[in-house]
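Let me begin by presenting the structure, written as structure tokens, before commenting on it.
Just so you know, ligand 1 is whichever comes first in the structure, and atom 1 is the first atom listed for that ligand.
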Amino acid sequence: MKAKACVLEEFGKPPAMREFDVVPLAAGEVRVRIAAACVCGSDVHISAGEDPRTPLPIILGHEGAGRVTELNGVVKDVFGRELREGDPVIWERGIFCKTCYYCASLKQPALCPNRRTYGISVGCAAPPHFQGTYAELIHLRAGTAFIKLREGDDFSVLAAASCSGATAAHTMEQARIRPGDSVMIIGPGPLGLFCAAFARASGAGRIIMVGKRYHGLRLELAQEIGADEILYSDEGSVQDRLALVKSWTNGLGANCVLDCAGRPSAMAEYLDAVAPYGSYILPGIAVPSGEWPVRPFESLARKNVRLQGVWVSDTGHLLSAVQLVQSGRFPFGKMITHKFHLHEAAAALQVMRDRSAIKAALTP
Ligand SMILES: [Zn+2]
Ligand SMILES: [Zn+2]
């Protein structure tokens, strides 16, 4: 038996449809028919060859959800529920080694140096080939963490939640937002929107979303999710914008700034928007992106400001994101602005690249 997948063979070139043999499952492995794969901003960087982890050729896609078609042996989800053929499932996009210092001792598996990520760090040249979500099916290795979904769950929304939603959950853990804290979010993409929802759900006070005028649709959705103020980063001077933030936060600045912009210049502009004893959290930097200057005395030391990186996520974060979506409290369905067939992956990447989409989903 053969199945189709969308393969990146050369950086900077559109991916192409290819067929591979479907190989037998080893013990503990699960085959899932992909119901929806989402196109991540990282996939745009990966396609351009900007992610140092990427081998070629590769089946792109680390965001996906679908139905179990086959299993070898007993495989359970995080709640101990046995997976069965036909079950709707989602899975952790990274496989951790569980034995290294970061996994076993520090309990920070996102930092596992042996972490392998479907669609990012595992190529498709050798069997079992199907190691990314831009495909009809995926061959999930033993050790993959699963969450059974409910019938009726939206596969596209959950696929999106499996990456940016989970990273937003990790961001919340690092941000340690207290009830009533003002939270400023830079960048109204999927990561920023999930952060806004988590901040709202965590009891944040005023939520400020930073975006550009042309982000209209994203900013409207941010407001629907719970952002109180919109700060246009393409209007006025930096000083004007900092003054606006202070005017919305009792003259203090934001207790917490979540930088989801993914560009170094955002930090240069907004580090000083943090209130004394506040934090500046960086979940948005996914590939090496250059340098920027910081004034350590004025912006950090003198104000007791905490500067905190956030790298990807682990299974607990995925579960938080799935549960936030399943709560039905937020209109995440509106985030999926574009749907394409699997063979139109190049077009899906393009609408993510030119930012006309908030999120594009691929369905086989
Ligand atoms: Zn992603
Ligand atoms: Zn490890």
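Take a cut-off of 2.8 Å around the Zn ion (ligand 2): the protein N, O or S atoms inside it are C97 SG, C100 SG, C103 SG, C112 SG. Sorted by chain and number, the protein atoms of type N, O or S within less than 2.8 Å of the Zn ion (ligand 1) are C40 SG, H62 NE2, E63 OE2, C163 SG.
Ring-plane geometry between F340 and H338 is classed as parallel, the angle between the planes falling under 30 degrees on a 0 to 90 degree scale with a further cut at 60.
Put simply, the side chain of M335 reaches to within 4.5 Å of the side chain of L193, judged on heavy atoms.
A side chain to side chain contact (heavy atoms under 4.5 Å, CB included) with C195 is found for exactly one of T167, T171, V183, namely T171.
E19 has no carboxylate O lying under 4.0 Å from a charged side-chain N of K2, or vice versa, which leaves the two without a salt bridge. Checked for salt-bridge contact, E298 and K303 miss the test: no charged N lies under 4.0 Å from a carboxylate O. A salt bridge links D272 with R295; the closest basic N to acidic carboxylate O contact falls under 4.0 Å.
Residues satisfying the ring-ring contact (aromatic ring centres under 6.0 Å, His included) test with H317, not counting sequence neighbours, are H170. Every residue two or more places apart in sequence or in another chain that forms a side chain to side chain donor-acceptor pair (under 3.5 Å) with D240 is listed here: S237.
With hydrogens and angles left out, the side-chain atoms of R200 and S202 include no donor and acceptor closer than 3.5 Å.
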